[in-house]
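Side chains are part of it too, since the values below use all heavy atoms of this structure and drop only hydrogens, waters and symmetry mates. Residue numbers run from 1 in the order of the sequence given.
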Amino acid sequence: ENLQAFWHNIVQGVDAITEVPSHRWEPDFYDPNDPAPDRFYARRGGFIDAYATFDAMRFGIMPVAAEGAEPDQLLALQVAADALEDAGIQPERDGLQNTAVILGRGNYVGAGMTRLMQHVRTAQQLVTALDTLIPGLTQQQLSAVKHEFQSKLGSYGPDTAIGLVPNLTASRISNRLNLHGPTYTVDAACASALIAVDSACRELRSGRVELALAGGVHLSHDVAFWSVFCQLGALSRSEMIRPFHTEADGLLIGEGLGIVALERLSDAKRHGRRIYAVIDGVGVSSDGRDVSIMQPRPEGQLLALKRAWEDAGIPREMIGLLEAHGTGTKAGDEAELQTLRSFFGEAEAGSARATLGSVKSMI
């Protein structure tokens, strides 16, 4: 639920993966023997239900507006405020005119947008189907069915509509915290949060901003999202994600969000900030052409490593921990290990050792 608990879980080797909470989706969706698009062969993942609380009044948001909003908008705002507080920064006191907000957010359907589609489209489809199958129903009865269905979805109207616009996740942070720098979201699939950090670093290096809030948010456990990964066969049938393990058979889906406050090192020192880490360099690449867009290529990954090390200007042997992508799929893990072997070379007797891991296995 916070930075301290996250680090504690890493050190203690805590597995934060659980079964899907009963209120997320109905047990009917789980059937490991049915290949239908609306049946899934896995039901374990990472869920933040216990920590997903939001104090609307703290940020001057009407409770009715918060109730119907996309959860990522509200929780990202809360985490952004916590990140500033952790850095010892007070927006009103410090006048954060040149502060950027850049968030990685996949263009996936979240809980709020799902409710909206059910309000507008599904409710009408339901009564249309009933009218077709049971011609004797009156319009009054059909309206009663529609009203009953919509009432179970929670409120939706002018007060809640703005909270469902996906690309306003970053904008709400700048709006409520009174920030005036570049504010936007980026979508680069699994790399979204890292691309947000890269963008923030470039904004800082250019001198256009003095501070940047960068991170990622993924709260998409909608059944449609699970269906995609089941149809791809990417989810683990053993319901265990085991990066680099000989028996790894796929990934699991987790949700969460995190934001860091970034400053140029000279400014951070001048302001007396607590400094957790220094980003020396960033490298970005794509794989280029291959047989399938799902097939990772070591050549493309190698480019990212080369560019990062060139940007940082440090020797390759200067590494203690490598936090890997670690997909837990055979193709993904083999490609990543081949990349690392090509870049860092084979182990030599007496050489310094580095640790390889992936926190993905725990969340």
>> Are I102 and V79 linked, directly or through intermediate hydrophobic residues, by side-chain heavy-atom contacts shorter than 4.5 Å (ILVMFWY only)?
In response: no
> Is the number of heavy atoms from other residues, nucleotides or ligands under 6.0 Å of H147 NE2 greater than 12?
Replying inline: no
>> More than 12 heavy atoms of other residues, nucleotides or ligands under 6.0 Å from CZ of F244: yes or no?
In response: yes
> Restricting to pairs with a member in residues 293-316, which pass ring pair (Phe, Tyr, Trp, His ring centres under 6.0 Å), not counting sequence neighbours?
Replying inline: W309-F343, W309-F344
>> Please enumerate all residues that pass salt bridge (charged side-chain N to carboxylate O under 4.0 Å, His left out) together with E203, with sequence neighbours excluded.
In response: R208
> Which residues pass the salt bridge (charged side-chain N to carboxylate O under 4.0 Å, His left out) test with R39, sequence neighbours left out?
Replying inline: none
> Taking only residues two or more places apart in sequence or in another chain, which ones pass salt bridge (charged side-chain N to carboxylate O under 4.0 Å, His left out) with E310?
Replying inline: none
> Can you tell if the side chain of L96 reaches within under 4.5 Å of the side chain of L84, non-hydrogen atoms only?
Replying inline: yes
> Any side-chain heavy-atom pair from E210 and E263 closer than 4.5 angstrom?
Replying inline: no
> Are R273 and D267 close enough for a salt bridge, meaning some N to O gap below 4.0 Å?
Replying inline: no
> Around R270, counting heavy atoms of other residues, nucleotides and ligands shown, do more than 12 lie under 6.0 Å from its CZ?
Replying inline: yes
> Going by an N to O cut-off under 4.0 Å, is there a salt bridge joining K360 and D333?
Replying inline: no
>> Given the ring of Y30, does R43 sit roughly above its face, with NZ or CZ under 6.0 Å from the centre of the six-membered ring and within 45° of the axis?
In response: yes
>> Going by side-chain hydrogen bond (donor to acceptor under 3.5 Å, both in side chains), name the residues that satisfy it together with D311, two or more places apart in sequence or in a different chain.
In response: R205
> Hey, which of K152, K146, Q150 is the one that makes side chain to side chain donor-acceptor pair (under 3.5 Å) with E148?
Replying inline: K152
>> Between R172 (side chain only) and L74 (backbone N and O only), is there a donor and an acceptor less than 3.5 Å apart?
In response: no
>> Side-chain heavy atoms nearer than 4.5 Å, only ILVMFWY residues, links allowed to pass through others: does that put V223 and L126 together?
In response: no
>> Among Y41, W226, F40, which residue satisfies the ring pair (Phe, Tyr, Trp, His ring centres under 6.0 Å) criterion with F29?
In response: F40
> Sub-3.5 Å donor-acceptor pair from the side chain of T183 to the main-chain atoms of G181, do we have one?
Replying inline: yes
> Does E317 have any salt bridge (charged side-chain N to carboxylate O under 4.0 Å, His left out) partners at least two apart in sequence or in another chain, and if so, which?
Replying inline: none
> Is the side chain of D249 donor-acceptor paired with the backbone N or O of S238 at a distance under 3.5 Å, no angle test?
Replying inline: yes
